[in-house]
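Quick notes on the structure that follows.
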Amino acid sequence: MNSVVLVAWLCLTLIVVLVVLLVRYRTQKPLNLELSQFVSLILAVLGVVSSCNLIYKAFTLQQLKDLLGPDIVTLIIGGIAVIWVSAKEVWKLL
């Protein structure tokens, strides 16, 4: 993982945690997150960031296009699926 992706993941994780806590505060839910919920949240954000990176590489790297050929569509759909599942996980914590 290069440094740009790592910094993006850290910043996005902080933003998502703050948003989850803010929404929980607004809806009168308890603010405390269990360890399993916190780890799930961190992994969900990592899934989104790494999938976005993968989709970006699928569109921009010619070597990857040459290697996979038409199967690159499957790679992109897989990246979108991970983003979808990760977003649902964050939504559950709200």
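If you're wondering where the values come from, they're calculated on a predicted model, not measured in any experiment.
Within a 6.0 Å sphere centred on NZ of Lys65, other residues, nucleotides and ligands contribute more than 12 heavy atoms. Counting non-hydrogen atoms of other residues, nucleotides and ligands closer than 6.0 Å to CD of Gln62 gives a total above 12.
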N/O donor-acceptor pairs under 3.5 Å from side chains in residues 87-94, not counting sequence neighbours:
unit_1	atom_1	unit_2	atom_2	d
Glu89	OE1	Lys92	NZ	3.4
Glu89	OE2	Ser40	OG	2.7

Are Ile72 and Phe59 close enough, and set up right, to give a side chain to side chain contact (heavy atoms under 4.5 Å, CB included), and what steps lead you there? CA-CA 9 Å; Ile72 198 138; Phe59 281 116; over 6 Å; no
In sequence, state the C-alpha distance, the side-chain angles, and the governing distance for Leu22 and Leu18, and then conclude on side chain to side chain contact (heavy atoms under 4.5 Å, CB included). CA-CA 6 Å; Leu22 181 64; Leu18 290 174; over 6 Å; no
Start with the C-alpha distance between Gln37 and Leu41, add both sets of side-chain angles, then the distance that settles side chain to side chain contact (heavy atoms under 4.5 Å, CB included), and finish with yes or no. CA-CA 6 Å; Gln37 292 172 323; Leu41 187 64; over 6 Å; no
Where do Ser50 and Val5 land on the side chain to side chain contact (heavy atoms under 4.5 Å, CB included) test, with the steps shown first? CA-CA 8 Å; Ser50 62; Val5 175; 5.9 Å; no
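A continuous path of ILVMFWY side-chain contacts below 4.5 Å connects Ile42 to Val16, so both sit in one hydrophobic cluster. By the criterion of side-chain heavy atoms lying less than 4.5 angstrom apart, applied directly or through intervening Ile, Leu, Val, Met, Phe, Trp or Tyr residues, Val48 is not grouped with Trp9; the two fall into different hydrophobic clusters. Residue Val23 is grouped with residue Val20 when hydrophobic side chains (ILVMFWY) are merged at heavy-atom distances under 4.5 angstrom, including chains of intermediate members. A single hydrophobic cluster is seen to contain both Leu46 and Ile15, as judged by linkage of ILVMFWY side chains at heavy-atom distances under 4.5 Å, directly or through other members. Both Leu10 and Leu21 belong to a single network of hydrophobic side chains, linked directly or stepwise wherever heavy atoms of I, L, V, M, F, W or Y lie under 4.5 Å apart.
Residue Ser86 comes nearest to Gly47 through the heavy atom pair OG-CA, 3.9 Å, listed as atom of the first residue, atom of the second, then distance.
Ile80 contributes atom CD1, which lies 10.0 Å from atom SG of Cys52 (distance to the nearest 0.5 angstrom). Note that CD1 of Ile83 and CD1 of Ile55 are 4.0 Å apart. Values are rounded to the nearest 0.5 Å. Expressed to the nearest 0.5 Å, how far OH of Tyr56 lies from CD1 of Ile76 amounts to 13.5 Å.
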